[in-house]
Amino acid sequence: QQQQVFIQQQQQVFIQQQTMKKILFIGALAFSVAAQAQSSVVFNMLSSDGGMGSARYMALGGAMGALGNDASAASDNPAGIGTYRSSELQIDWQGGLMTRQDPTGIQIPNISYVHVMPVAKGYQLNGFFAFQNDSWSGNQWQSIESNPNERMVDQWLDASQGINGPDELLAAGLLGAYTAYQGYVLEYDEDNNEFFDLSQGLPSQHVTLIKQGFQSNHLIAGASLRTPQLSLGLSRSYSHASAFEALVVDEDGFSGYTSGYTYSQSDSMSITGASSSLGVILRLPLDLQAGMRISMPNVASLDWYSRYRMTARTTNNDPPFELTDKQTWETLPGVSAAFSLAKKFQSKGFIAVEYHRKSLPELTIISPISAIGIGQDLLDDLVVVEGVRVGMEWRKGPLAYRFGYQQSNAGTQFKDHSGFQRGSVGLGYRSDQASIHLALVSNYRQARIYNPINSDLWTVNALQHQLVIGINFRV
C-alpha cells in the first residue's frame, strides 16, 4: 500500500519526465552483455548456411565436389565446371511445402550458364557464372502461461542492482533494463538510489515468442581447365547474407501504474564480402574421382542492428519507447576448405561423400564494441563449422534417381539453429537438348535457448520442406 501511495505521488513527476525519457543516448550505446549470446546465434547462422542450388545439386545433398557437371557445385569446387562437354543454361525454381513458418514464396535458388571452349584434343577451357539464393525462416515458437509464479520484470530489477540512475544503466550496456525504465515498467527512486517496478505483483498471463531466420545471395564466376588426368578451377564469389533473431515478451494483469506491457528485442546482422576459390578434381583408377577446394576470403563489411521496444499499458496511456542502434565494422572471415570422393559405376550412377570445414573468423579489424570486450567475447563463443554430405545417383535409361543427406554442426558453443540436417530425394529426366530435374528437400534444425525469465532451457524445433524444379538447356 505504501508503494502504491508513493507511485501516485510520483505520477506528475513521470509526466514531466516524459520528454526526457525519449532522448536516446546513442553516443553511449553499445551492445549489451545480456544480448551477447543471442547475437552470437545470429552471427553463426551466417556461418553454417547450407546453400541452395539446382534441383540436381539439392537432391544429391550437395555432394558434388568431386563430380561437377553442375554450376551450383562451383561454390564447393570450381574445378567441376571442367567436366561439362557442351554449353548449358540452367534455371531452377523453389517453393516451400507443408511448412508452418512464414512462407518463403516461390523463388529462384539457382540460375547459371556454362560456356565450353575446346582447346585441343582432351583439353577444354570452360567459363561460368551462377547466382544462388537461399532463405530460411524458423517456426515461430510460442509459450503461453496463465498465472505464472515468475515475471520478466524481476530480471530487469536484478540487473539494475547497484546501478545509480538510468545514465549508468545505459552506460553499463543493460539495454533491456534501460528500455524497461524508459518504457514505464521500471522507475528510479533518487532518494534511495534504487530502481523499483511500476507493475506490482505477478502477471495473470505471460507470453513469449521467439523467431529466427536468414537469407543469403551469392554471385559466382570463374573458369576451369580440363585435361585428361584432372580439372583445375578458379572462381571469384560475391556474397551478401543476413540473419535475425527476435524475442517478444508480453505480461499482463499487474496492479499499479503499469498493468501490462509488450517488450520486443531483435538482433539482425548482414555481411557483405568476396572470396577466391581454387579447386582440383583428380581422375583416379577404379573409376574414382577426388576433389579438393580451398577458399580465401577478403575483408568483409558487417552491419549489426539492434532494436529494443517497450509498449506499456499505463494509467496515463504513455507512448511506447524504442531504442535502436546500428554498428558497422570490418572482419576477416575464416578460411574454408572441402574434400570429396566419388565412385562411378560406369554409366549407371555414382556414390559421393564430401567433408567441409570453415575455420574461425579473424579478430575484427575495426570494431566499435571492442572497448567493452564483447567483440572478443563473441569470437570466444565460436567454434569451427564442419559439415558432411553424402549423395547417390542411379540411372536407368533417361531417368536418374537421387538421394542425399547433409549435416552441419552449430557454429557456436550455444545450441542454436545454425546447425542443421538436410535429407533429400530427386528424379531427373535427360534428353539430347534438355533435361528436367525434381528434388524434395527436408531441412531440420533444433535449438536449445534460455528462458528469458528463469534461464531454463527451451527446445525450439523447425522443419521445412522444399520442392525444387530445374530445367537445363544445352546451347
Side-chain angles (χ1 to χ4, degrees), residues 38-53 57-58 62 72 74-76 94 101-102 104-105 107-112 129-138 211-221 235-246 266-277 295-306 326-336 338 356-362 364-365 367 378-379 381-387 406 408-412 416-420 422 443 445 447 462 464 466:
Q38 180 190 35
S39 300
S40 66
V41 169
V42 174
F43 188 88
N44 286 283
M45 291 173 73
L46 304 180
S47 300
S48 61
D49 177 6
M52 290 293 291
Y57 177 86
M58 297 296 293
S72 296
S75 58
D76 300 325
Q94 172 259 318
Q101 73 272 8
D102 291 343
T104 57
Q107 57 181 316
I108 298 179
N110 174 75
I111 180 170
S112 59
F129 81 86
F131 173 79
Q132 297 170 355
N133 175 57
D134 190 11
S135 64
W136 171 79
S137 179
K211 193 171 184 180
Q212 297 175 326
F214 71 78
Q215 183 172 9
S216 63
N217 299 294
H218 305 275
L219 179 62
I220 310 169
S235 67
R236 180 74 170 170
S237 65
Y238 301 89
S239 304
H240 175 80
S242 59
F244 75 91
E245 183 174 65
S266 63
D267 280 322
S268 61
M269 182 180 292
S270 63
I271 184 169
T272 303
S275 64
S276 299
S277 299
S295 296
M296 304 294 295
N298 294 100
V299 173
S301 174
L302 197 149
D303 294 323
W304 195 339
Y305 179 78
S306 297
K326 181 179 179 181
Q327 302 285 354
T328 299
W329 70 94
E330 294 180 327
T331 187
L332 186 61
V335 175
S336 63
H356 286 246
R357 178 185 176 90
K358 189 171 186 178
S359 62
L360 296 176
E362 301 293 333
T364 53
I365 299 174
S367 174
L378 178 73
L379 294 174
D381 291 329
L382 309 186
V383 297
V384 172
V385 175
E386 297 178 291
Q406 183 177 352
S408 175
N409 70 300
T412 174
D416 59 75
H417 271 145
S418 66
F420 67 92
R422 174 180 290 172
N443 301 281
R445 299 173 184 263
Q464 181 186 43
Q466 297 163 304

Quiz prompt | Ser242 versus Ser270, side-chain donor and acceptor atoms under 3.5 Å | solution = no
Quiz item: What pair of heavy atoms forms the shortest contact from Gly53 to Met58, and how long is it?
Solution: N-SD, 3.6 Å
Quiz item: Between Ser275 and Ser237, does any side-chain donor sit less than 3.5 Å from a side-chain acceptor?
Solution: yes
Exercise. Enter the distance from Phe129:CZ to Ser112:OG here, rounded to the nearest 0.5 Å.
Key: 7.5 Å
Quiz item: Can you tell me how far OG of Ser235 sits from CD1 of Ile220, rounded to the nearest 0.5 angstrom?
Solution: 6.5 Å
Exercise. For residues Ser276 and Arg236, report the shortest heavy-atom separation together with the two atoms involved.
Key: OG-NH1, 2.8 Å
Quiz prompt | Verdict with reasoning, Ser72 to Gln132, per side chain to side chain contact (heavy atoms under 4.5 Å, CB included) | solution = CA-CA 8 Å; Ser72 296; Gln132 297 170 355; 3.9 Å; yes
Quiz item: Is any side-chain heavy atom of Ile271 closer than 4.5 Å to a side-chain heavy atom of His240?
Solution: no
Quiz item: Judged by modelled atom types alone, do Gln466 and Asn443 share a side-chain donor-acceptor pair under 3.5 Å?
Solution: yes
Quiz item: In Å, rounded to the nearest 0.5 Å, how long is the span from OG of Ser239 to CG of Asn217?
Solution: 9.0 Å
Quiz prompt | Any side-chain heavy-atom pair of Ser75 and His218 under 4.5 Å | solution = no
Exercise. May I ask you to test the Tyr305-Asp267 pair for a side-chain heavy-atom distance under 4.5 Å?
Key: no
Practice problem: Verify, without hydrogens or angle tests, whether Ser295 (side chain) and Ser277 (backbone) share a donor-acceptor contact under 3.5 angstrom. | Solution: no
Quiz item: Has the side chain of Glu386 got a donor or acceptor atom that lies under 3.5 Å from a matching backbone atom of His356?
Solution: no
Quiz item: Roughly how far, to the nearest 0.5 Å, is NZ of Lys326 from OG of Ser306?
Solution: 12.0 Å
Self-check item: Heavy-atom pair of closest approach, residues Asp76 and Gly62
Solution: OD2-O, 3.6 Å
